[in-house]
2 protein chains.
Amino acid sequence: MVNKKDDNQTEKAILEAADKVFTQKGFAAARMEDIANEAGINRALLHYYFRSKDKMFDLIFQQRVAIFFSGLGQIMQSEKRLLEKIQAIVEHEITILLAHPYLPIFVLQELNQNPQRMLAIAENAGAHPSLLLKKFSVEVRAEIKAGTIRETDPAQLFMSIMGMTIYPFVARPVVKIILEKDDAGFENVMRQRKKGITDFIIHALKP
Amino acid sequence: MVNKKDDNQTEKAILEAADKVFTQKGFAAARMEDIANEAGINRALLHYYFRSKDKMFDLIFQQRVAIFFSGLGQIMQSEKRLLEKIQAIVEHEITILLAHPYLPIFVLQELNQNPQRMLAIAENAGAHPSLLLKKFSVEVRAEIKAGTIRETDPAQLFMSIMGMTIYPFVARPVVKIILEKDDAGFENVMRQRKKGITDFIIHALKP
DNA sequence: TATTAGTTTAACAATTTAGTTAAATCAAGT
DNA sequence: ACTTGATTTAACTAAATTGTTAAACTAATA
């Protein structure tokens with residue numbers, strides 16, 4: 001038997017709305033009614049589908065963290081050479097952030113308020129986050145030994161990569177004003193930035 | 001006549017408490033009682049000193065934004081050569097962020113929810129934020145023409161500097177886990193990072 | 001046509017929170 | 001001792017918010 005609005009279309013609409021509202025306002029400032037309005041339904045139906053605000057939030061938050069970190073882990077563990085790997089990271093992250101602009105500030109803000117969530121989710125995912133850097137570090141040291149890049153601390157390099165790619169999205173409203181861009185302009189700058197960051201890092205690592 | 005707890009010590013305690021609570025939880029999640037407890041007083045006295053939550057928040061927020069941007073503007077407008085200027089920016093920002101670790105995520109989160117606040121504060125400060133980049137851009141182009149640095153987009157460079165310095169603080173809980181550091185260890189890494197970032201940028205800019 | 005599941009409406013209870021107030025208390029200075 | 005202003009206590013109001021519920025409605029389906 002098929003629903004009035006066929007299939008699970010409503011559930012999807014709710015999840016999308018919840019994502020939008022939670023992401024833009026954060027958990028504390030998000031109102032169930034905001035989500036209902038955004039989804040084009042009413043509060044009663046919200047609780048009919050998802051029992052409580054907390055349950056909805058946990059769902060959304062896990063999804064968002066997954067999006068934020070998923071691809072990254074795979075690329076970090078891949079067999080590419082270091083510079084190619086860095087390029088892949090940068091392009092992947094910026095592509096994702098262009099599609100989900102408010103993702104990082106949301107995730108990071110909620111993690112800051114509740115840092116143990118990070119560990120819980122990581123455990124759930126099966127791998128400890130510190131593994132993320134292990135292989136990367138080995139590769140960096142190998143390239144240094146081979147003389148292909150100059151002496152560099154892997155952890156510092158990793159933070160630089162992440163900072164250069166993610167920060168502009170976190171500081172989006174400030175960046176837009178300083179650069180005098182609208183949303184379209186901002187996104188253009190970020191697309192150019194894919195190549196810009198990679199070049200920048202390649203030059204910085206030259207022996 | 002002097003107060004029970006002499007002078008304006010209480011007002012100071014309240015402001016410090018409000019700073020701490022607002023900064024860590026954000027406006028929406030911050031409770032007046034949290035602030036009162038943190039200040040070692042009760043809610044009634046809070047309203048006796050500062051009429052409302054909004055008033056308190058506006059006060060704190062303006063102060064925080066000022067700290068976040070103040071020194072930066074002066075350095076950007078100064079007469080240093082480009083590389084020295086970059087070094088000064090990095091050292092200044094990291095020094096401030098070590099003293100106020102939760103400052104950027106707080107400011108950026110609240111700005112994201114309320115972007116027009118940025119313009120209001122900027123107007124209040126008398127200068128449009130876009131001026132921040134003007135002189136810097138001229139200098140970058142001059143150095144490029146002089147052949148002292150390679151072809152570089154000033155805006156992209158600026159975002160890279162800010163990203164490398166500020167992002168680790170925004171992502172502090174994640175960084176701590178990935179690097180397996182406690183607070184002291186994290187701060188050590190950030191102190192080392194002052195020189196690390198500057199070196200990184202200098203190499204990246206070499207013709 | 002009767003059934004069924006999704007949906008709306010509207011009212012409700014319970015809780016949390018901001019903000020107010022009056023009275024009591026306390027710690028100084030005069 | 002008296003006064004004064006800061007502070008606490010404790011109660012309160014008003015509003016917002018989450019969550020629940022019963023009844024009505026609707027659209028597809030059997």
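Throughout, a chain's letter reflects where its sequence line sits, starting with A, and its residues are numbered from 1.
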Using a cut-off of 6.0 Å, state whether more than 12 heavy atoms not belonging to [X] lie near its atom [atom1].
X	atom1	result
B/K135	NZ	yes
A/K194	NZ	yes
A/Q74	CD	no

Write down the distance between [atom1] ([X]) and [atom2] ([N]), rounded to a whole number of angstrom.
X	N	atom1	atom2	result
B/L45	C/dT21	CG	C1'	14 Å
B/F57	C/dA18	CZ	C1'	16 Å
B/I41	C/dC26	CD1	P	18 Å
B/E11	D/dT7	CD	P	10 Å
B/Y49	D/dG5	OH	P	13 Å

Worksheet item: Listed by chain and number, what are the side-chain contact (heavy atoms from CB on, under 4.5 Å) partners of B/E143, not counting sequence neighbours?
Response: B/R81, B/L82, B/T148, B/I149

Worksheet entry | side-chain contact (heavy atoms from CB on, under 4.5 Å) partners of B/L131, counting only residues at least two apart | B/A127, B/K134

Worksheet item: Within less than 4.0 Å of OP1 or OP2 of C/dT7, is there a side-chain N or O belonging to A/T10?
Response: yes

Worksheet entry | Pair pattern of DNA chain C in dot-bracket, where unpaired bases get dots and | marks partners in another strand, Watson-Crick or G-U under 3.5 angstrom | ||||||||||||||||||||||||||||||

Worksheet item: Going 5' to 3' along nucleotides 13-20 of chain D, which nucleotides have protein heavy atoms under 4.0 Å from the base (write B), which only from the sugar-phosphate (write S), and which from neither (write -)?
Response: ----SBBB

Discussion item. B/K195: which residues meet the salt bridge (charged side-chain N to carboxylate O under 4.0 Å, His left out) condition with it, sequence neighbours left out?
Written reply: B/D199

Response to the item:
On a heavy-atom basis, the closest approach of A/Q24 and B/Q113 is O-CG, 3.3 Å

Practice prompt. Would you mind listing every ring-ring contact (aromatic ring centres under 6.0 Å, His included) that reaches into residues 8-36 of chain A, with sequence neighbours excluded?
Written response: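 Passing the test, one end in residues 8-36 of chain A: A/F22-A/F57, A/F27-A/F57.
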
Item to complete: Assign each of A/Y48 and A/N42 to its nearest nucleotide of DNA chain C by heavy atoms, then name whichever residue's nucleotide is nearer the 5' end.
Response: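 Per heavy-atom nearest nucleotide, the more 5' residue is A/Y48.
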
